[in-house]
Amino acid sequence: MPMSSSSSRTPAKRPPVRPTPLRPPRDNPLRGLHIQVRRAWDRPLTAYYVILGSSLLITVLGLVMVYSASMIKALQLSLPASYFFRKQFVAAVIGALLLLIAARMPVKLHRALAYPMLAGSVFLMVLVQIPGIGMAVNGNQNWISLGGPFQLQPSEFGKLALVLWGADLLARKQDKRLLSQWKHMLVPLVPVTFMLLGLIMLGGDMGTAIILAAILFGLLWLVGAPTRLFAGVLSGAALIGAILIKTNPNRMARLSCIGATEPGPNDMCWQAVHGIYALASGGLFGSGLGASVEKWGQLPEAHTDFIFAVTGEELGLAGTLSVLALFAALGYAGIRVAGRTEDPFVRYAAGGVTTWITAQAVVNVGAVLGLLPIAGVPLPLFSYGGSALLPTMFAIGLLIAFAREEPAARAALAMRQPVFGRKRAAVRGSESGRGPRRWNTMRRRATARTSGER
């Protein structure tokens, strides 16, 4: 039987289905920026540059604001308008030399300075309490007159001495594996710190005592103190602080001015309220450099403890946030230095310096914002005062020296040679018989470079 025509047809061939090309995933710009920032931060010399750059920027901006905030005060005292600025500039130059010296000193020499610096600080603090040698400023007897307009506050050097001595003490005990016992963790660190606090409190300077207590707690935290031990020391310090505040009407008045919006009876909160006025009148970008109104006698200590308020009034929110960002970068770089080293002394010293500067900045800014009581501590590297600036810049030099001592940073710095030195090395190589000097200088030799930071 013949087949039907429908069954004899061959099926039509369909064209092959081409796979749809996969579109490349769109790059997330925020993720790419995050990766680039992480790579830049992981470079060996990042902490070195951040510490050096942020500290210098804070110091330079502080000099500008000291000049702006102190002009009216100097004229009221029948002094040249640049009087306080010139003193601060001299202190900054000396501090820069101390920073360079500290940055170039080896770690062993820093450890060798720990005990002499502690003994010298204690000796000067004792001299402060001797009548005829010590002098009182704003009700606190913590100063020694050096003749003329120059004065010295030994308690500021006590902060540096406590950091170096405490770091060296804890590092020695860790090498001997004694820190597992609580008595070796506390003795003699806590008794010596309390001795320094007692000498400072004899002069009535509770602000500096708070910073020394913060350094002590920072060292105990870094050494890994148990929570119960840490809480016990913190509770004891808080109890002593509460007693000292309760027994002093001036300190009670400062405590009651937290969050104040009116001067109150007898203008008790005058300084705190006018600090808020200065910040509020600055707006976003400020009234302009030198155009502050509060520094015309309304805001006490405008160039020292409350220079941050004048900065907010003249440079606005943008200026104050820039200052806070610089301090945040400095603190984060110090934490990185302390976290990446294997040397216990470097870890404790870097952590102590970072705690010192960060805690002092928080106490000063918190007082200006009305969130903390006015403690009378300057803003590190920013406020007027040579006695505070010199040890702080030496401490910054410590951080720079420790950042240079990281193995990766040391290797990156070792690969760096000045251009003049490379040229001289090339000339010596050509003169050693490797080839005619003219041919060697005319051609370019490709030198192998590592992928690390140069």
Side-chain angles (χ1 to χ4, degrees), residues 42 44-48 50-51 102-119 121 158-194 196 211-230 232-234 330-359 391-392 394-413:
D42 288 335
L45 293 177
T46 299
Y48 169 77
V50 170
I51 294 171
R104 291 293 181 177
M105 287 170 56
V107 176
K108 292 183 179 179
L109 186 54
H110 284 300
R111 298 188 68 168
L113 289 176
Y115 283 85
M117 190 171 294
L118 178 65
S121 299
K159 302 173 186 176
L160 179 62
L162 178 60
V163 168
L164 288 177
W165 176 79
D168 179 72
L169 174 70
L170 294 175
R172 292 177 186 273
K173 290 195 173 188
Q174 180 172 336
D175 292 339
K176 297 179 181 179
R177 299 181 179 179
L178 297 175
L179 292 180
S180 58
Q181 306 176 26
W182 67 268
K183 59 181 179 180
H184 286 287
M185 190 178 296
L186 297 182
V187 180
L189 178 63
V190 174
V192 171
T193 304
F194 275 66
L196 295 176
I211 306 304
L212 252 71
I215 294 174
L216 171 64
F217 295 137
L219 291 175
L220 291 177
W221 181 272
L222 289 168
V223 84
T227 305
R228 290 180 297 177
L229 184 63
F230 191 84
V233 177
L234 182 61
L330 179 60
Y332 196 70
I335 293 174
R336 166 177 161 157
V337 172
R340 293 198 173 190
T341 183
E342 297 180 357
D343 188 342
F345 171 78
V346 173
R347 182 184 306 113
Y348 300 144
V353 170
T354 305
T355 304
W356 161 17
I357 295 176
T358 305
T392 306
F394 188 90
I396 295 297
L398 276 177
L399 289 180
I400 294 174
F402 298 155
R404 291 166 56 93
E405 288 295 321
E406 290 184 17
R410 193 186 307 151
L413 289 173

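Fair warning: this is a prediction, and the values are worked out from it, not measured in the lab.
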Over all atoms of both residues, closest heavy-atom pair of [X] and [Y]:
X	Y	result
Ala161	Ser121	CB-OG, 3.6 Å
Thr358	Gly331	OG1-CA, 4.2 Å
Ala171	Arg111	CB-NH2, 3.7 Å
Pro344	Gln174	CB-OE1, 3.6 Å
Leu219	Gly166	CD1-CA, 4.1 Å
Ala349	Val163	O-CG1, 3.6 Å

Q) Which is it for Leu330 and Val50 under the side-chain contact (heavy atoms from CB on, under 4.5 Å) test, yes or no, and what are the steps along the way? A) CA-CA 7 Å; Leu330 179 60; Val50 170; 6.0 Å; no

Distance (rounded to the nearest 0.5 Å) between [X] [atom1] and [Y] [atom2]:
X	Y	atom1	atom2	answer
Leu170	Leu220	CG	CG	7.5 Å
Leu162	Ile215	CG	CD1	5.5 Å
Leu169	Leu164	CG	CG	12.5 Å
Phe402	Arg347	CZ	CZ	12.0 Å

Heavy-atom side-chain contact between [X] and [Y] under 4.5 Å:
X	Y	answer
Val346	Glu405	no
Lys173	Val223	no
Thr354	Leu399	yes
Ile400	Ile396	yes
Leu398	Leu160	yes
Trp356	Pro391	yes
Leu189	Trp165	yes
Phe217	Thr355	no

Q.
I'd like to know whether Val192 forms a side-chain contact (heavy atoms from CB on, under 4.5 Å) with Leu118, so could you lay out the CA-CA distance, the side-chain angles of the two residues, the decisive distance to 0.1 Å, and finally the verdict.
A. CA-CA 10 Å; Val192 171; Leu118 178 65; 4.2 Å; yes

Q. Can you tell me if His110 uses its side chain to pair, donor with acceptor, with the backbone of Ala102 under 3.5 Å?
A.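 Confirmed, His110 side chain pairs with Ala102 backbone.
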
**Q.** Check against side-chain contact (heavy atoms from CB on, under 4.5 Å), Trp182 and Val187
**A.** CA-CA 8 Å; Trp182 67 268; Val187 180; over 6 Å; no

**Q.** All pairs passing side-chain hydrogen bond (donor to acceptor under 3.5 Å, both in side chains) where residues 333-346 contributes a residue, at least two apart
**A.**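 Sorted pair list: Asp42-Arg340.
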
